[in-house]
Amino acid sequence: MRAHFQKYSGKGQALPPVPKTDKLVWAWIGACIAIAATAGLSNWANAPFFMAPFGASCVLVFAAPNVPLAQPRNLVLGHLVAGFVGLAIFHTLGNDWIYMGIAVATAITAMQLTRTLHAPAGATPLVVMLEQADWSFLVTPILSGALVILLVGLVVNNLPKGGHYPEYW
């Protein structure tokens, strides 16, 4: 039993270093522009381009752009796959608490199977169900907002010297 609980003490690794100032500044600029653009487009077009999980998407795309979860296919298709799952479950079963659990678990599995795992997209089915969204939600805000973040990510992550995004499509 004691051996089991030793797993929770960590491996004794040191904390990762604080990123260099230029990395912090570029991540700040990218996240600011991406969220301001999605929120601003929502106001301008009087249509949703924005949802809360996009804040978490910005963490990956701008602060950890080289990790697999931040790549374009994961960002865009991860949200689309998770949104589709949420919509399918909501429109067939409803949005009771158990169906919310089923929707998130199914979305995670579907993203893993399609190699589009994007952690922030785990919240997308919940947004769909809480908003009681219709199928147009896949286009706005899911697809349109993810594409705005991607476009900002492509520009901002490649502006600094040595910047390179994406790793793959």
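Note that the structure is a prediction, hence the values are computed from the model and not measured.
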Is it possible for you to say whether [X] and [Y] belong to one hydrophobic cluster, with membership spreading through side-chain heavy-atom contacts below 4.5 Å?
X: Ile102; Y: Val127; result: no
X: Phe62; Y: Leu60; result: no
X: Leu113; Y: Leu117; result: no
X: Trp26; Y: Val18; result: no
X: Leu77; Y: Val85; result: no

Quiz item: Do Tyr165 and Leu150 have side chains that get closer than 4.5 Å, going by heavy atoms?
Solution: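 Yes, their side chains come closer than 4.5 Å.
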
Sub-3.5 Å donor-acceptor pair from the side chain of [X] to the main-chain atoms of [Y], do we have one?
X: Thr38; Y: Ile35; result: yes
X: Glu167; Y: Gln71; result: no
X: Thr109; Y: Ala105; result: yes
X: His164; Y: Pro166; result: yes

Exercise. Apply side chain to side chain contact (heavy atoms under 4.5 Å, CB included) to the pair Ile142 and Phe84, showing each step before the final yes or no.
Key: CA-CA 10 Å; Ile142 295 174; Phe84 178 83; over 6 Å; no

Could you pull out the closest heavy-atom pair between [X] and [Y], with the gap in Å?
X: Met111; Y: Ala121; answer: SD-CB, 3.7 Å
X: Asn157; Y: Pro65; answer: ND2-CB, 3.7 Å
X: Val128; Y: Gly86; answer: CG1-C, 3.7 Å
X: Gly163; Y: Asn158; answer: O-OD1, 3.6 Å
X: Arg115; Y: Asn74; answer: O-ND2, 3.9 Å
X: Ala133; Y: Leu87; answer: O-CD2, 3.5 Å

Quiz item: Run the side chain to side chain contact (heavy atoms under 4.5 Å, CB included) check on Met51 and His79 step by step: do they pass?
Solution: CA-CA 11 Å; Met51 60 181 188; His79 278 296; 3.7 Å; yes

Heavy-atom neighbours of [X] [atom1] exceed 12 at 6.0 Å:
X: Phe50; atom1: CZ; result: yes
X: Asn46; atom1: CG; result: no
X: Trp135; atom1: CH2; result: yes

Exercise. Check Val156, Val67, Leu75, Leu154 against Val61 for a side chain to side chain contact (heavy atoms under 4.5 Å, CB included) and give me the one that passes.
Key: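 Checked Val156, Val67, Leu75, Leu154 against Val61; only one passes side chain to side chain contact (heavy atoms under 4.5 Å, CB included): Leu75.
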
Value rounded to 0.5 Å, distance of [atom1] in [X] from [atom2] in [Y]:
X: Leu80; Y: Leu138; atom1: CG; atom2: CG; answer: 6.0 Å
X: Asp134; Y: Phe90; atom1: CG; atom2: CZ; answer: 9.0 Å
X: Leu24; Y: Ile29; atom1: CG; atom2: CD1; answer: 11.0 Å
X: Asp96; Y: Met129; atom1: CG; atom2: CE; answer: 8.5 Å
X: Ser57; Y: Leu69; atom1: OG; atom2: CG; answer: 10.5 Å
X: Phe49; Y: Leu147; atom1: CZ; atom2: CG; answer: 10.5 Å

Quiz item: Between Gln112 and Ile108, does a side chain to side chain contact (heavy atoms under 4.5 Å, CB included) hold up when you go through it step by step?
Solution: CA-CA 6 Å; Gln112 289 175 309; Ile108 291 168; 3.9 Å; yes

